[in-house]
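A quick note: this is a predicted structure, and the numbers were derived from the prediction, not measured.
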Amino acid sequence: MTTMQAIKLTQSCQANQLLPTSVARPQVKPGYALVKVKAFGVNESEVTSRKGLSSSDFSYPRILGIEGVGVVEEVATDSQLKVSQQVATMMAGLGRSIDGSYAEYMLVKESYLIPFDSQLPWEILGAVPEMVQTAYGSLTTGLNLAKGETLLIHGGTSTVGLAAAVLAKSMGARVLSTSRKAEKFESLIKYGVDVPILDDSDFVQCVQAAAPEGVDKVLELVGTDVVPQDMAFLKKGGKLCFTGALNNHWTFDQFSPYQIPVGKFFTSYTGGVSDLPSPVLNDILQKIEKGELKLPIAKVYQGLAEVGQAHTNLESGDYLGKHVVVL
């Protein structure tokens with residue numbers, strides 16, 4: 001039996017218990033490709049899974065990791081992929097209902113792999129999949145953001161919020177974005193925000209002052225409890241997309257459709273691999289290579305042995321941007 005190193009959990013644990021162990025290397029089967037993992041981002045959902053607090057689609061034992069980048073190591077007969085081809089993947093049950101990227105190798109359905117060609121270092125590529133897919137999908141599939149529109153990002157210092165600011169600015173939008181700490185305004189501006197707004201008791205008045213005629217689109221990353229407040233900021237015909245809940249308010253209490261203001265639109269985005277097609281991913285990577293886009297990376301870690309520290313740092317809230325592990 002061929003083995004590999006991976007972080008495989010059999011039960012909930014503390015961050016310092018995330019230790020690499022020897023497990024069987026996956027075997028290629030029809031429709032799947034074996035990917036040699038080069039890097040992966042660390043995500044809040046993986047912290048939740050580690051703590052045993054995930055929803056029913058997660059089960060133990062499990063190799064964590066909902067996203068990853070690497071190169072194709074082995075393919076099945078009649079594969080459309082080539083050995084050594086660079087690929088990215090995210091979501092689609094990875095690290096939850098099937099084993100994920102916290103490993104030297106991962107077995108992934110070919111339809112869930114996005115081919116790309118880039119000279120960027122793996123520490124940058126590892127930050128891309130989930131963060132960029134969620135931000136890009138929210139702005140396009142979710143909001144249909146157009147050049148010249150004004151966008152409010154509520155939850156702006158999250159990784160998705162920062163990536164959304166970068167992408168929205170490149171699309172020609174005016175970007176308003178929030179932080180609960182004024183000392184993070186400089187970072188918001190660095191990633192393309194035109195007007196940083198403090199999320200405090202004066203939040204409503206500050207948004208109204210920044211956009212007296214209202215905003216065209218809202219990307220909601222804070223929670224369902226602030227959706228009614230944030231929909232009030234929209235112009236007629238405006239749209240709010242609910243993508244995340246940083247405050248863990250994921251559902252509405254006694255929701256009525258009449259809570260949605262007349263002439264305004266409410267949608268949501270979960271998305272997946274299909275919302276980040278290969279041409280789009282390659283275009284974004286080329287813009288990063290040229291310096292036209294800059295992704296928020298908090299810290300880079302070397303090897304599986306440092307995954308526990310990455311979890312600890314992510315939970316601390318002291319870092320802005322993506323935590324990336326390079327193998």
**OP:** For the residue pair Ser118 and Glu289, confirm or rule out a side-chain donor-acceptor distance under 3.5 Å.
**Re:** yes

Original post:
Closest heavy-atom contact between Ala6 and Val23?
Top reply: CB-CG2, 3.8 Å

**OP:** Return yes when atom CD of Glu186 has more than 12 non-hydrogen atoms of other residues, nucleotides or ligands closer than 6.0 Å, and no otherwise.
**Re:** no

**OP:** Would you kindly confirm whether Val204 and Val195 end up in one hydrophobic cluster when ILVMFWY residues are joined by side chain heavy atoms under 4.5 Å apart?
**Re:** yes

Subject >> Pair Ile297-Ile124, side chain to side chain contact (heavy atoms under 4.5 Å, CB included): steps then yes or no >> reply: CA-CA 8 Å; Ile297 298 177; Ile124 294 178; 4.0 Å; yes

Subject >> Under 3.5 Å side-chain donor-acceptor pair for Gln286 and Asn282 >> reply: no

Original post:
Can you name the nearest heavy-atom pair linking Ala168 to Leu139, along with the distance?
Top reply: N-CD1, 3.7 Å

**OP:** Output the distance between atom NE2 (His311) and atom CD (Glu306), rounded to the nearest 0.5 Å.
**Re:** 13.0 Å

Subject >> Polar contact flag, side-chain donor to acceptor under 3.5 angstrom, Thr134-Glu130 >> reply: yes

**OP:** Would you indicate whether Gln80, at its atom CD, is surrounded by more than 12 heavy atoms from other residues, nucleotides or ligands within a distance under 6.0 Å?
**Re:** no

Original post:
Would you say the side chains of Asp225 and Asn247 form a donor-acceptor pair under 3.5 Å?
Top reply: yes

Original post:
Does atom CG of Asp78 have more than 12 heavy-atom neighbours, drawn from other residues, nucleotides or ligands, at distances under 6.0 Å?
Top reply: no

Subject >> Arg25 to Tyr105 six-membered ring, cation-pi geometry met (6.0 Å, 45°) >> reply: yes

Subject >> Within one Ile-Leu-Val-Met-Phe-Trp-Tyr cluster: Tyr191 and Met171, side-chain cutoff 4.5 Å >> reply: yes

Subject >> Lys264 side chain to Met231 backbone, donor-acceptor under 3.5 Å >> reply: yes

Original post:
Within a radius of less than 6.0 Å around CD of Gln27, do more than 12 heavy atoms belonging to other residues, nucleotides or ligands occur?
Top reply: no

Subject >> Straight-line distance of Arg50 CZ to Ser12 OG, nearest 0.5 Å >> reply: 9.0 Å

Original post:
Can a donor-acceptor pair be found between the side chains of Thr140 and Asn144 at a distance below 3.5 Å?
Top reply: no

**OP:** Quick one: closest heavy-atom pair of Leu151 and Leu219, and the distance?
**Re:** CD1-N, 3.9 Å

Subject >> Polar side-chain atom of Ser158 near backbone of Gly155 as donor-acceptor pair, under 3.5 Å >> reply: yes

**OP:** Answer whether the closest heavy-atom distance between the side chains of Leu162 and Leu320 falls below 4.5 Å.
**Re:** yes

Subject >> Where at least one partner belongs to residues 251-262, residue pairs that pass side chain to side chain donor-acceptor pair (under 3.5 Å), sequence neighbours excluded >> reply: none

Original post:
Given side chains that start at C-beta, do those of Val72 and Leu34 come closer than 4.5 Å, heavy atoms only?
Top reply: no

Original post:
Do Ser316 side-chain atoms and Asn313 backbone N/O form a donor-acceptor pair below 3.5 Å?
Top reply: yes

Subject >> Interatomic distance, Met106 atom CE to Ser101 atom OG [nearest 0.5 angstrom] >> reply: 5.5 Å

Original post:
Can you list the steps and then say if Thr312 with Asn16 is a side chain to side chain contact (heavy atoms under 4.5 Å, CB included)?
Top reply: CA-CA 8 Å; Thr312 297; Asn16 61 7; over 6 Å; no

**OP:** Answer whether the closest heavy-atom distance between the side chains of Ile114 and Met90 falls below 4.5 Å.
**Re:** yes

**OP:** Please tell me if the side chains of Lys38 and Leu125 come closer than 4.5 Å, counting only heavy atoms from C-beta onward.
**Re:** no

Original post:
Do the side chains of Ile66 and Ser45 get nearer than 4.5 Å, heavy atoms only?
Top reply: yes

**OP:** Calculate, to the nearest 0.5 Å, the distance between atoms OG1 and CD belonging to Thr267 and Glu220 respectively.
**Re:** 13.0 Å

**OP:** Count the heavy atoms of every other residue, nucleotide or ligand shown that sit under 6.0 Å from CD of Gln302, and state whether that count exceeds 12.
**Re:** yes

Original post:
Nearest heavy-atom pair of Ser138 and Cys241: which atoms, and what distance?
Top reply: O-SG, 4.3 Å

Subject >> Those residues that, when tested against Asp283, pass side-chain contact (heavy atoms from CB on, under 4.5 Å) (two or more places apart) >> reply: Lys287

**OP:** Find out whether Val280 and Tyr136 are in side-chain contact, i.e. whether some heavy atom of one side chain is under 4.5 Å from a heavy atom of the other.
**Re:** yes

**OP:** Count the heavy atoms belonging to other residues, nucleotides or ligands that lie under 6.0 Å from NZ of Lys147, then report whether that count exceeds 12.
**Re:** no

**OP:** Heavy atoms only: give me the nearest Phe242-Gly223 pair and the separation to one decimal.
**Re:** CE1-C, 3.6 Å

**OP:** Check the hydrophobic clustering (I, L, V, M, F, W, Y; side-chain heavy atoms under 4.5 Å; chains of links allowed) and say if Leu176 and Leu145 are grouped together.
**Re:** no

**OP:** Test Lys299 against Glu123 for salt bridge (charged side-chain N to carboxylate O under 4.0 Å, His left out), laying out the working first.
**Re:** CA-CA 9 Å; Lys299 192 172 175 62; Glu123 62 192 57; over 6 Å; no

**OP:** Kindly indicate, with the supporting measurements, whether the criterion side chain to side chain contact (heavy atoms under 4.5 Å, CB included) is fulfilled by Leu64 and Ser49.
**Re:** CA-CA 8 Å; Leu64 294 178; Ser49 296; 3.8 Å; yes

**OP:** Evaluate the side chain to side chain donor-acceptor pair (under 3.5 Å) criterion for residues Ser54 and Thr48: first the C-alpha distance (whole Å), next the side-chain angles of each, then the deciding distance (0.1 Å), finally the verdict.
**Re:** CA-CA 6 Å; Ser54 283; Thr48 301; 5.7 Å; no

Subject >> Cys13 and Lys51: CA distance, side-chain angles, deciding distance, side chain to side chain contact (heavy atoms under 4.5 Å, CB included) verdict >> reply: CA-CA 6 Å; Cys13 68; Lys51 293 179 176 180; over 6 Å; no

**OP:** Apply the test ring-ring contact (aromatic ring centres under 6.0 Å, His included) to residues Phe233 and Phe203: give CA-CA distance (whole Å), side-chain angles for both, the deciding distance (0.1 Å), then the verdict.
**Re:** CA-CA 11 Å; Phe233 298 138; Phe203 175 64; 5.8 Å; yes

Original post:
Checking Arg62 side chain against Ser97 main chain: does a donor-acceptor pair fall under 3.5 Å?
Top reply: yes

**OP:** Answer yes if Val69 and Leu285 sit in the same cluster of Ile, Leu, Val, Met, Phe, Trp and Tyr residues linked by side chain heavy atoms under 4.5 Å apart, and no otherwise.
**Re:** yes

Subject >> Under 3.5 Å donor-acceptor, Lys217 side chain and Leu143 backbone >> reply: yes

Subject >> Least distance between heavy atoms, Ala92 atom then Ile98 atom >> reply: O-CD1, 4.0 Å

Subject >> Any pair counted as side chain to side chain donor-acceptor pair (under 3.5 Å), so long as it reaches residues 160-184, sequence neighbours left out >> reply: Lys169-Asp194

Original post:
Considering only heavy atoms from C-beta outward, does the side chain of Val132 approach that of Glu67 to under 4.5 Å?
Top reply: no

**OP:** Apply the side chain to side chain contact (heavy atoms under 4.5 Å, CB included) test between Tyr102 and each candidate in Val325, Val37, Val307; give the one that qualifies.
**Re:** Val307

Original post:
With distance as the sole criterion, is a donor-acceptor pair present between the side chains of Glu110 and Ser79 under 3.5 Å?
Top reply: yes

Subject >> Separation between NE2 of His323 and CZ of Phe40, rounded to the nearest 0.5 Å >> reply: 13.0 Å

**OP:** Rounded to the nearest 0.5 Å, what's the gap from NZ on Lys322 to CG on Asn43? Could you check?
**Re:** 3.5 Å

Subject >> Asp117 side chain near Gln86 side chain, heavy-atom distance below 4.5 Å >> reply: yes

Original post:
Within the distance-only criterion (no hydrogens, no angle test), does the side chain of Glu149 pair as donor or acceptor with the backbone N or O of Asp216 below 3.5 angstrom?
Top reply: no

